[in-house]
S.K.: 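Starting off with a structure, shown below.
Because the structure is a prediction, the values reported are computed rather than measured.
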Amino acid sequence: MNISNEQVIGHPFLKGLYRDAYYPDAVVDRGKGILLRLCERIEAERPAGLAELYRLTHAATDEFNALQDEFWAAGSEIETVAREEMAEDFWFVAGAYGYADADVEELIATRDW
């Protein structure tokens, strides 16, 4: 499926991580892929409310949890800068799809980073 939301298409996901050599681009690419798949799922499933949106964002957050091992293996980690960047992008996605009332902490409530 292709993403149709123009805001999402033009958004530089995880931009701050790409600018910092501490975060390996190959692992950041996988994180960007998680966010893009989240967008695809939102467009395909069209959550009727926040509870359904949170179900989707929690699944994507769980994927980021699994990605943490790859950061460690590459000599990096999901630390404060990365956590904030990821949280901002989850919040961006919610807003881009009309969920302005989404709570950023709830969007990523299943995180272990």
Side-chain angles (χ1 to χ4, degrees):
M1 173 181 186
N2 292 322
I3 295 171
S4 63
N5 184 303
E6 293 296 323
Q7 289 180 67
V8 170
I9 291 169
H11 185 72
F13 286 102
L14 305 176
K15 177 176 67 175
L17 303 186
Y18 282 111
R19 287 190 295 209
D20 189 331
Y22 179 68
Y23 307 102
D25 284 354
V27 182
V28 177
D29 287 345
R30 295 205 42 181
K32 178 180 177 180
I34 292 168
L35 291 164
L36 290 172
R37 283 191 304 280
L38 170 61
C39 294
E40 289 174 343
R41 288 191 68 192
I42 291 170
E43 289 188 18
E45 297 181 27
R46 302 200 185 277
L50 288 176
E52 291 179 27
L53 175 68
Y54 293 148
R55 181 181 53 78
L56 296 178
T57 63
H58 292 171
T61 300
D62 292 344
E63 288 186 63
F64 270 105
N65 290 343
L67 192 61
Q68 188 163 220
D69 288 339
E70 291 185 42
F71 276 102
W72 285 328
S76 183
E77 67 179 300
I78 298 176
E79 43 70 66
T80 304
V81 171
R83 285 191 295 265
E84 290 179 9
E85 189 80 14
M86 292 172 189
E88 286 176 21
D89 277 342
F90 272 92
W91 189 76
F92 164 79
V93 168
Y97 287 101
Y99 302 95
D101 294 337
D103 179 284
V104 70
E105 290 300 318
E106 184 57 36
L107 290 169
I108 57 173
T110 61
R111 75 187 181 283
D112 63 10
W113 28 270

S.K.: For Phe13 versus Tyr18, what's the shortest heavy-atom pair and its separation?
M.R.: O-CE1, 3.5 Å
S.K.: Name the residue from Ile3, Leu35, Leu38 that meets the side-chain contact (heavy atoms from CB on, under 4.5 Å) definition with Val8.
M.R.: Ile3
S.K.: Minimum heavy-atom separation for Ala94 and Leu107, please, with both atom names.
M.R.: CB-CD1, 4.0 Å
S.K.: Quick one: side-chain hydrogen bond (donor to acceptor under 3.5 Å, both in side chains) pairs with a partner in residues 47-57, sequence neighbours left out?
M.R.: Glu45-Arg55
S.K.: Indicate whether the side chain of Gln7 and that of Tyr97 have a donor and an acceptor atom separated by less than 3.5 Å.
M.R.: no
S.K.: Do Glu88 and Arg83 come within less than 4.5 Å of each other through their side chains, counting heavy atoms only?
M.R.: no
S.K.: Determine whether a donor-acceptor pair (N or O, by modelled atom type, separation under 3.5 Å) exists between the side chain of Glu77 and the backbone of Phe71.
M.R.: no
S.K.: Kindly work out whether a path of hydrophobic side-chain contacts (I/L/V/M/F/W/Y, heavy atoms less than 4.5 Å apart) joins Leu17 to Trp72.
M.R.: no
S.K.: To the nearest 0.5 Å, what is the distance between CD1 (Ile78) and CD (Gln68)?
M.R.: 4.5 Å
S.K.: Would you say the side-chain atoms of Glu40 pair up with the backbone N or O of Asn2, donor to acceptor, closer than 3.5 Å?
M.R.: no
S.K.: Kindly indicate whether the side chain of Ile108, heavy atoms from C-beta on, has any atom under 4.5 Å from the side chain of Trp113.
M.R.: yes
S.K.: Testing the basics here: between Cys39 and Val93, what is the closest heavy-atom pair and its distance to 0.1 Å?
M.R.: SG-CG2, 3.8 Å
S.K.: Can you confirm whether Thr61 sits close enough to Phe90 that some side-chain heavy atom of one is under 4.5 Å from a side-chain heavy atom of the other?
M.R.: yes
S.K.: Which atoms form the tightest heavy-atom contact between Ala102 and Leu53, and what is the distance?
M.R.: CB-CD2, 4.3 Å
S.K.: Could you pull out the closest heavy-atom pair between Asp62 and Thr110, with the gap in Å?
M.R.: OD1-OG1, 2.9 Å
S.K.: If the threshold is 4.0 Å, N to carboxylate O, is there a salt bridge linking Lys15 and Glu85?
M.R.: no
S.K.: Arg37 versus Glu63: any side-chain heavy-atom pair under 4.5 Å?
M.R.: yes
S.K.: Locate the shortest heavy-atom distance separating Ile42 from Pro47; write the atom from each residue and the value.
M.R.: O-CD, 3.5 Å
S.K.: Any non-hydrogen side-chain atom of Met86 less than 4.5 Å from a side-chain atom of Arg111?
M.R.: no
